[in-house]
Number of protein chains: 4
Amino acid sequence: MTDTPHRRGADRTEAIMRATLELGQEIGYAKLSIEGVAARTGAGKHTIYRRWSSKGALLLDSLLSLHEPGLDYPDTGDVAADLRTQIYAAVDLLAAPPFGPLFQALVGEAQHDRQLAAALNERFITPQANKTVARLRAARDQGQLSSDLDLDLAMAILSGPLYFQLLITQEPLSHEYVDRILAALFTGMGPRPRTRTSRSRPAA
Amino acid sequence: MTDTPHRRGADRTEAIMRATLELGQEIGYAKLSIEGVAARTGAGKHTIYRRWSSKGALLLDSLLSLHEPGLDYPDTGDVAADLRTQIYAAVDLLAAPPFGPLFQALVGEAQHDRQLAAALNERFITPQANKTVARLRAARDQGQLSSDLDLDLAMAILSGPLYFQLLITQEPLSHEYVDRILAALFTGMGPRPRTRTSRSRPAA
Amino acid sequence: MTDTPHRRGADRTEAIMRATLELGQEIGYAKLSIEGVAARTGAGKHTIYRRWSSKGALLLDSLLSLHEPGLDYPDTGDVAADLRTQIYAAVDLLAAPPFGPLFQALVGEAQHDRQLAAALNERFITPQANKTVARLRAARDQGQLSSDLDLDLAMAILSGPLYFQLLITQEPLSHEYVDRILAALFTGMGPRPRTRTSRSRPAA
Amino acid sequence: MTDTPHRRGADRTEAIMRATLELGQEIGYAKLSIEGVAARTGAGKHTIYRRWSSKGALLLDSLLSLHEPGLDYPDTGDVAADLRTQIYAAVDLLAAPPFGPLFQALVGEAQHDRQLAAALNERFITPQANKTVARLRAARDQGQLSSDLDLDLAMAILSGPLYFQLLITQEPLSHEYVDRILAALFTGMGPRPRTRTSRSRPAA
DNA sequence: AGTTAAACGAGACGGTACGTCAGGTCTTCAT
DNA sequence: ATGAAGACCTGACGTACCGTCTCGTTTAACT
């Protein structure tokens with residue numbers, strides 16, 4: 001890191017994001033303040049405001065520095081299994097500190113900060129969603145899913161219940177819950193066909 | 001309401017909630033303050049704090065005073081149609097001012113206020129969900145849905161995508177979107193049946 | 001003081017002014033800050049801003065609380081002696097801490113704060129000057145001074161050199177310097193009359 | 001100045017002082033900042049700090065660059081007239097922008113900046129005073145003034161009222177006021193000699 | 001009907017944080 | 001190697017609300 005062009009700047013940026021995550025974990029998002037981050041880092045407030053326009057923007061960057069947005073997931077040919085792998089990973093991220101609670105608070109903040117909402121979508125939600133959409137598209141192209149399936153809608157149906165649990169009922173997310181969602185979606189909600197029970201799990 | 005025992009109290013309560021909604025609409029949740037509500041109402045701050053413990057609690061009450069939680073929906077025998085009716089109503093509420101934007105901000109606030117989250121669930125989310133669950137249960141009991149369908153899960157799958165759109169992508173909710181969700185869920189995501197044996201893959 | 005109408009308010013006012021003077025003495029006017037006064041008093045900044053619009057206004061009040069503007073000086077019939085008494089008192093005030101240095105700084109501040117300059121004149125300079133003018137008027141009315149003497153001008157000629165020393169050359173003020181000024185003014189600057197050398201110090 | 005050894009330096013120095021005066025006139029001393037001067041000049045702050053230790057020092061230099069301290073005044077033999085000439089010139093300088101208001105603010109700053117006060121005395125006040133003292137000395141040596149007249153004191157008595165008006169009452173200086181001061185001092189403040197006995201109280 | 005306790009408006013108060021500004025020191029880069 | 005550009009820490013600014021706390025003043029419930 002000695003050859004970094006803007007040595008001083010990059011150092012400060014990292015230190016500030018580190019302090020933000022520390023403080024966020026220690027005292028929670030609500031009590032997190034730019035003032036506090038500045039004090040913890042030994043930075044001037046201006047140094048923070050020069051880089052981020054708000055507490056939310058700072059935290060978003062800090063969180064994303066934790067979660068290097070990762071490579072694409074492998075395609076094993078089994079849609080349901082591959083989606084499960086993806087969603088497990090997402091749930092693991094969202095369920096555990098420090099990412100989980102702070103991310104949740106950030107989504108909260110985004111509800112009354114349009115700019116933050118846009119950034120959050122662009123930098124986290126959409127990239128995540130794209131992976132799911134890509135896997136669904138592959139499956140559809142291979143005839144495993146209905147050819148006129150709306151991929152974005154399918155993604156929303158997969159993700160929605162998880163965010164519902166995270167943001168609304170605020171019960172902990174678990175792999176088991178993911179399994180139940182996937183099972184329900186691939187099994188269908190209609191009455192089980194009596195005959196050929198083999199079809200009862202057509203695509204899972 | 002003229003016969004209310006604590007006349008003065010109830011009057012003030014209503015006036016304060018009214019001012020809260022007005023201000024909330026005018027300047028948005030973020031800039032809404034108890035100080036401001038007090039000034040607008042001509043009430044002392046104490047009078048507000050005596051009734052509500054926080055901005056969120058005040059707004060929750062104020063919003064609920066708008067939406068008298070309504071009676072149960074009729075059961076026409078057609079699950080999909082009845083659910084559509086229910087969800088249309090919910091979407092109409094969440095999509096339009098003043099309820100929509102303020103409710104959205106309130107859900108945001110709930111992300112870093114456990115008490116508020118609990119109250120929100122108890123007073124709005126759960127009652128709403130219960131109606132959906134009740135209708136699903138009726139359908140299941142009549143054999144229209146799989147007998148081992150997890151009703152809460154089904155409700156989450158129906159609601160999740162809507163909240164996802166409201167809170168995450170923040171695109172406007174529409175009846176058309178509801179239709180697409182219902183269609184997808186009831187039609188299934190699997191490949192379309194080639195022959196008349198279409199029912200062989202009923203909902204996957 | 002138990003019967004003071006606005007007990008709480010008056011207490012705070014006094015405590016803040018006391019802290020202002022203490023801090024002013026300890027660290028000097030330049031480093032004096034409203035922030036610091038608030039911290040020292042244990043008061044909120046708002047409590048100070050509610051009463052005073054600026055550091056200068058606060059210090060002016062604080063200084064004047066030290067110098068209860070005092071009663072009129074006696075008229076012994078001897079103008080020069082009476083003026084000396086008055087001016088000695090003024091010089092004693094301006095020469096000694098805590099009043100002197102802080103007052104001097106305040107006059108400095110008044111150079112780029114018109115409001116403060118006006119307040120300073122109204123509350124300190126003019127009252128002081130009025131006493132001198134009053135004594136001069138009495139002398140003039142008794143024929144001890146030229147009947148067409150411009151009293152304000154005379155006052156300025158008496159006061160000017162003292163402020164010149166205080167503000168410009170910044171050498172310490174002394175009774176001896178006052179004596180020299182009075183002697184010079186009452187003796188005149190013209191050449192001594194050769195005869196009747198008894199007149200050489202007629203009124204000093 | 002083209003032959004100055006450090007050409008670039010001198011250019012920058014002049015540009016900075018020019019910008020200082022411009023800004024000082026435009027926004028006043030209180031709002032004048034080294035930051036602002038740097039921005040206006042297109043200079044780095046360091047370039048300014050390398051030359052001047054404070055805002056006051058910079059302004060002092062800038063002002064003196066306006067008022068090349070001038071040659072000695074002629075001696076016409078008439079003390080009063082010559083002093084009037086000198087003082088008119090001083091008053092003209094102090095009464096008019098840009099010098100006047102900025103100089104006044106500078107004297108203000110000097111009240112809480114000992115270094116500046118010293119520099120101000122050395123570079124402006126004393127040179128000015130010396131001219132007055134020199135003229136008075138010549139008059140005294142020629143027997144026009146009392147042989148034991150304290151020259152510095154006399155200078156202070158002449159200058160004091162003017163600075164009093166400039167700094168304390170903050171009324172505009174005028175030639176007419178100068179005339180009145182000189183008249184009062186040279187005429188004396190005692191009662192007009194009607195009869196010969198008038199001299200019995202020559203200057204009281 | 002008079003008394004009295006509460007609810008009330010008003011807003012002072014100590015706090016915390018805001019976002020801004022300038023000070024004075026420092027590093028980096030271009031000329 | 002001088003100077004512009006500006007990052008950096010520091011400290012104070014003046015503002016906004018928070019939630020708590022007196023104040024008197026209604027108001028209406030209970031003697």
Side-chain angles (χ1 to χ4, degrees), chain A residues 5-13 15-16 31-39 41-55, chain B residues 5-13 15-16 31-39 41-55, chain C residues 5-13 15-16 30-39 41-55, chain D residues 6-9 11-13 15-16 30-39 41-55:
Chain A
H6 294 290
R7 178 71 200 279
R8 201 154 48 127
D11 275 8
R12 298 280 65 206
T13 301
I16 291 165
K31 291 185 187 167
L32 183 64
S33 70
I34 289 188
E35 195 109 12
V37 172
T41 324
K45 287 199 281 180
H46 214 45
T47 302
I48 298 181
Y49 280 111
R50 197 178 295 128
R51 293 167 162 78
W52 297 279
S53 61
S54 68
K55 175 164 96 160
Chain B
H6 296 288
R7 174 70 201 279
R8 194 151 57 126
D11 274 7
R12 298 279 68 203
T13 301
I16 291 165
K31 290 185 187 169
L32 183 64
S33 69
I34 290 188
E35 198 107 12
V37 172
T41 324
K45 289 201 283 179
H46 218 46
T47 303
I48 299 180
Y49 280 110
R50 198 177 292 128
R51 292 165 163 79
W52 297 279
S53 61
S54 68
K55 174 164 97 160
Chain C
H6 294 289
R7 179 66 200 279
R8 201 157 45 129
D11 274 8
R12 299 279 67 204
T13 301
I16 291 165
K31 291 186 186 166
L32 183 64
S33 71
I34 288 187
E35 195 110 12
V37 172
T41 325
K45 287 201 279 179
H46 210 46
T47 302
I48 299 181
Y49 281 111
R50 205 182 341 256
R51 294 167 163 76
W52 296 278
S53 60
S54 68
K55 176 164 93 160
Chain D
H6 296 291
R7 174 70 202 279
R8 192 148 62 129
D11 274 7
R12 297 280 68 203
T13 300
I16 291 166
K31 290 185 186 166
L32 183 64
S33 69
I34 288 188
E35 199 106 14
V37 171
T41 324
K45 289 202 283 178
H46 213 46
T47 305
I48 298 180
Y49 279 110
R50 199 174 295 127
R51 293 168 163 78
W52 297 279
S53 60
S54 69
K55 175 163 96 159

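In what follows, every chain begins at residue 1, and chains take the letters A, B, ... in the order their sequences are listed. Keep in mind that the numbers below use all heavy atoms, side chains included, and drop hydrogens, waters and symmetry copies.
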- Heavy-atom contacts, protein to nucleotides 12-18 of chain F, under 4.0 Å, summarised as B (base), S (sugar-phosphate only) or - (none) per nt, yield BBBB-SB
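- Ile34(D) contributes atom CD1, which lies 9.5 Å from atom CH2 of Trp52(D) (distance to the nearest 0.5 angstrom).
- Without hydrogens or angle criteria, Lys55(D) side chain to Leu32(D) main chain gives a donor-acceptor distance under 3.5 Å.
- Residue Arg50(C) comes nearest to Thr47(C) through the heavy atom pair NH2-OG1, 3.5 Å, listed as atom of the first residue, atom of the second, then distance.
- Scanning both residues, Ala38(C) and Gly44(C), for their nearest heavy atoms gives CB-C, 4.3 Å.
- For the pair Ile48(C) CD1 and dG14(E) P, the interatomic distance rounds to 9 Å; values are reported in whole Å.
- Between Thr47(C) and dA12(E) there is no side-chain polar atom (N or O) within less than 4.0 angstrom of OP1 or OP2.
- In this view, Ala15(C) and Arg12(C), Arg18(C), Thr41(C) satisfy the side chain to side chain contact (heavy atoms under 4.5 Å, CB included) rule, not counting sequence neighbours.
- Place Ala43(A) and Arg50(D) on DNA chain F by their nearest nucleotides, and Arg50(D) ends up nearer the 5' end.
- Going from atom CD1 of Ile16(B) over to atom C1' of dC8(E) covers 10 Å, rounded to whole Å.
- Per the geometry, CZ belonging to Arg51(D) stands 17 Å off P belonging to dG24(E), to the nearest Å.
- Per the geometry, CZ belonging to Arg12(B) stands 15 Å off P belonging to dT26(F), to the nearest Å.
- Evaluation of the side chain to side chain contact (heavy atoms under 4.5 Å, CB included) rule for Ser33(C) yields Glu35(C) as partners, not counting sequence neighbours.
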